[in-house]
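What follows is one structure encoded as structure tokens, with my remarks underneath.
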Amino acid sequence: MSEKKAEKIVGVKGMNDMLPSDAPLWEILENTVQSVLKGYGFQQIRTPIVEPTGLFARGLGEVTDIVEKEMYSFQDSLNGDLLTLRPEGTAGVVRAAIEHNLVYDGPKRLWYVGPMFRHEKPQRGRYRQFHQFGAEALGFSGPDIDAEMILMCQRLWDDLGLQNIRLEINSIGDAEERNRHRAALIEYFEKHTELLDEDAKRRLYSNPLRILDTKNPAMQALVNAAPKLIEYLGEESMAHFNGVQAILNANNVPFKINPRLVRGMDYYNRTVFEWVTDELGAQGTVCAGGRYDSLFSTFGGKFTPACGFAMGVERLLELLKISSDMPVNAECDVYLVHQSDAAQLQAIIAAERMRDAGINAIVHCSTINGRGSFKSQMKKADASGAAYAVIIGEDELASGNLTVKALRAENSETNQVLIGAETIVDYLIGQLTDSSDDCCDDPEHVHLH
């Protein structure tokens, strides 16, 4: 009697695996983002995936979509704590900055990367577990840091080779200005309640600013005619917004002022911005941010002005696939092929010496079907993207020489040489760096990763 096959377990809907075939593009994006952030003096911070539920309810606003509908919240059965998988990164960074007194000695530029969680309908570039890069500038009050954040994003798009991303900016003013605008909005929408959908009616008195962000086509004309917040800005807020625009104009960064642009969290004030694209269908926002001067005080800390942004990794990866010609990294520099147990041992020894010198090397290993023929191993070597295959057979073992075959050269069928085992590392470094005369004096100081 045959044993019953175990039921297959699949992943949680909307929480996706990153497969090895996707890894090179992730690495390109991650390395490029980190390089740009470092160029502006940002330091990395890592905060827990799980935070107290009250952190987000208080910081984001209890009548926001995220808090009302999307958070993965639960009670810790061991101690009764109310906890939430973080839906965004800013609240946790500010909590950590207060808890560890990070800005006691002056402003800080911080960045983070990691998974976030929101219970939404999975769509292209929008998942229940998604990843974000974020940057937070804590302790800076002027328009210069707002503009710097935007300039940093523009540099990133340029370095990634991304096109068709446009910038929209707005100012949502300070609390007093928003209160005056809020009263005007309520008065305006009260006169047209028959045109409001159920979501707008629910928000009319709790968060009318979010009605402006509606995607309901039937409400677009009504929203377009609504009072604009920019008309309620005071002299100081307007000067701040003009300062941001002046810096962007001086650096030739095109932008559009979108008076309907608001943010989904309550903690924003003054400058808000979004980078949007038409390449991803309905999910067009790839990066969003702005100023949040009151958040430290909301969390019980000392008043600390701040500005930040977050960008969706999955959406940027989709854009890279569409609009960028960025090369995909090979798995390795050298793939070692062998045809006996003794040859395999020599291949492992040679590969370790190569790695000591900074060469990425893969040794062909056996599977349940065995070691594989020479032909099948060479197919693996070619598929790995390696520049060279190093071949060790019986003849090589007897002579003490290793066969090096160039896999990417135009005439690779004939581009094959015998190299002594003791000099193979120096030879490969010379070939991989195109500077064999200069690189072989001290190969241990050559890093090719």
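Keep in mind that this is a model prediction, so the values were computed, not measured.
Lys201 NZ: more than 12 foreign heavy atoms inside a 6.0 Å radius. Annotation: Glu176, atom CD; neighbour count of heavy atoms from other residues, nucleotides and ligands within 6.0 Å does not exceed 12. Counted within 6.0 Å of CD on Gln163, heavy atoms from surrounding residues, nucleotides or ligands total 12 or fewer; the atom is thus considered open. Arg166 CZ: more than 12 foreign heavy atoms inside a 6.0 Å radius. Counting non-hydrogen atoms of other residues, nucleotides and ligands closer than 6.0 Å to NZ of Lys380 gives a total of 12 or fewer. By the neighbour-count criterion of 12 heavy atoms within 6.0 Å, atom CD of Glu194 is densely surrounded, having more than that number from other residues, nucleotides or ligands. Counting non-hydrogen atoms of neighbouring residues, nucleotides and ligands closer than 6.0 angstrom, the OH atom of Tyr104 reaches no more than 12 such neighbours. Other residues, nucleotides and ligands place more than 12 heavy atoms under 6.0 Å from the CD atom of Glu352.
In this structure, the side chain of Arg291 does not engage the main chain of Pro305 through any donor-acceptor pair within 3.5 Å. Side-chain atoms of Ser297 do not come within 3.5 Å of backbone N or O of Leu295 as any donor-acceptor pair. Distance alone, capped at 3.5 Å, is enough to place a donor-acceptor pair between the Asn79 side chain and the Asp81 backbone. Side-chain N or O atoms of Thr47 include none that pairs as donor or acceptor with a backbone N or O of Val93 at under 3.5 Å. Using modelled atom types, one side-chain atom of Asn269 and one backbone atom of Asp293 make a donor-acceptor pair closer than 3.5 Å. Put simply, the side chain of Arg182 never gets that close to the backbone of Pro208: no donor and acceptor are under 3.5 Å apart. Without hydrogens or angle criteria, Ser384 side chain to Ala381 main chain gives a donor-acceptor distance under 3.5 Å. Between the side chain of Arg118 and the backbone N or O of Tyr127 there is no donor-acceptor pair closer than 3.5 Å. With hydrogens and angles ignored, the 3.5 Å screen pairs a side-chain donor or acceptor of Gln220 with a backbone N or O of Thr214. Under a 3.5 Å cut-off, the side chain of Glu314 and the backbone N or O of His131 do form a donor-acceptor pair.
The CE atom of Met116 sits 7.5 Å away from the CD atom of Glu88 when rounded to the nearest 0.5 Å. One finds the CE atom of Met71 at 7.0 Å from the CZ atom of Phe56 (value rounded to the nearest 0.5 Å). Leu185 CG to Glu190 CD: the interatomic distance, rounded to the nearest 0.5 Å, is 11.0 Å. Taking CG of Leu82 as the start and CG of Asp76 as the end, the distance is 9.5 Å to the nearest 0.5 Å. Distance CD1/Ile211 to CG/Leu222: 8.5 Å, rounded to 0.5 Å. Arg155 contributes atom CZ, which lies 12.0 Å from atom SG of Cys153 (distance to the nearest 0.5 angstrom).
Looking at heavy atoms from C-beta onward, Ile359 lies in side-chain contact with Ile429 at the 4.5 angstrom threshold. Counting only heavy atoms from C-beta outward, the side chains of Gln245 and Ile257 approach each other to under 4.5 Å. Between Leu196 and Met219 the shortest side-chain heavy-atom distance falls below 4.5 Å. Looking only at side-chain heavy atoms (C-beta outward), Thr277 and Trp157 stay at 4.5 Å or farther from each other. You'll find the side chain of Gln44 stays beyond 4.5 Å of the side chain of Leu110, heavy atoms only. Contact annotation: the side chain of His240 approaches that of Thr271 to within less than 4.5 Å [non-hydrogen atoms, C-beta and beyond]. Looking at Phe303 and Phe296, their side chains never come closer than 4.5 Å, going by heavy atoms from C-beta outward. When side chains are defined from C-beta on, Phe273 does not count as touching Asn170, because their heavy atoms never get closer than 4.5 Å.
Taking all atoms of both residues into account, the shortest heavy-atom contact from Val313 to Trp26 is CG1-CZ3, 3.6 Å. The two residues Gly358 and Asp333 have their closest heavy-atom pair at O-OD2, 4.4 Å. Scanning both residues, Ile49 and Pro115, for their nearest heavy atoms gives CD1-CG, 3.9 Å. In this structure, Pro143 and Ile247 approach most closely via the heavy-atom pair O-CD1, 4.2 Å. Here the closest heavy-atom approach between residue Val103 and residue Lys108 is recorded as CG1-CG, 4.2 Å. Nearest approach of Met152 to Ala135, heavy atoms of both residues: CE-CB, 4.1 Å.
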Inset, instruction - Before giving the answer on side chain to side chain contact (heavy atoms under 4.5 Å, CB included), spell out for Leu336 and Met354 the whole-Å C-alpha distance, their side-chain angles and the decisive distance to 0.1 Å. - result: CA-CA 11 Å; Leu336 290 94; Met354 293 175 194; 4.0 Å; yes
Inset, instruction - Decide yes or no on side chain to side chain contact (heavy atoms under 4.5 Å, CB included) for Asn249 and Phe255, but give the supporting numbers first. - result: CA-CA 9 Å; Asn249 286 326; Phe255 60 87; 3.3 Å; yes
Legend entry - side chain to side chain contact (heavy atoms under 4.5 Å, CB included) between Val12 and Arg128, worked out: CA-CA 9 Å; Val12 178; Arg128 291 177 177 175; 5.8 Å; no
Inset, instruction - Could you check Arg178 against Tyr232 for side chain to side chain donor-acceptor pair (under 3.5 Å), going step by step and ending with a plain yes or no? - result: CA-CA 8 Å; Arg178 285 197 302 280; Tyr232 291 80; over 6 Å; no
Inset, instruction - Using the side chain to side chain contact (heavy atoms under 4.5 Å, CB included) rule, take Thr32 and Leu156 through it: C-alpha gap first, then chi angles, then the decisive distance, then the call. - result: CA-CA 7 Å; Thr32 306; Leu156 177 60; 3.8 Å; yes
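Remark: the Gln129 side chain and the Tyr72 side chain contain no N/O donor-acceptor pair separated by less than 3.5 Å. A side-chain donor from one of Ser237 and Glu177 sits under 3.5 Å from a side-chain acceptor of the other.
Of the listed residues (Asn258, Val272, Ile150, Asp146), just one forms a side-chain contact (heavy atoms from CB on, under 4.5 Å) with Ile169, and that residue is Ile150. The salt bridge (charged side-chain N to carboxylate O under 4.0 Å, His left out) test with Glu51 is passed by exactly one of Arg95, Arg58, Arg86: Arg95. The side-chain contact (heavy atoms from CB on, under 4.5 Å) with Met311 is formed by just one residue from the set Val286, Val113, Thr285, Leu316; it is Leu316. The one candidate from Asn31, Asp158, Asp159 that meets the side-chain contact (heavy atoms from CB on, under 4.5 Å) condition with Val36 is Asp159.
Between His364 and Tyr335, the ring planes lie tilted relative to each other; the angle falls in the 30° to 60° range.
Salt bridge annotation for Arg408-Asp382: present, with a cationic side-chain nitrogen under 4.0 angstrom from a carboxylate oxygen. Between Arg270 and Glu236, at least one side-chain N (NZ, or NE/NH1/NH2) sits under 4.0 Å from a carboxylate O, which counts as a salt bridge.
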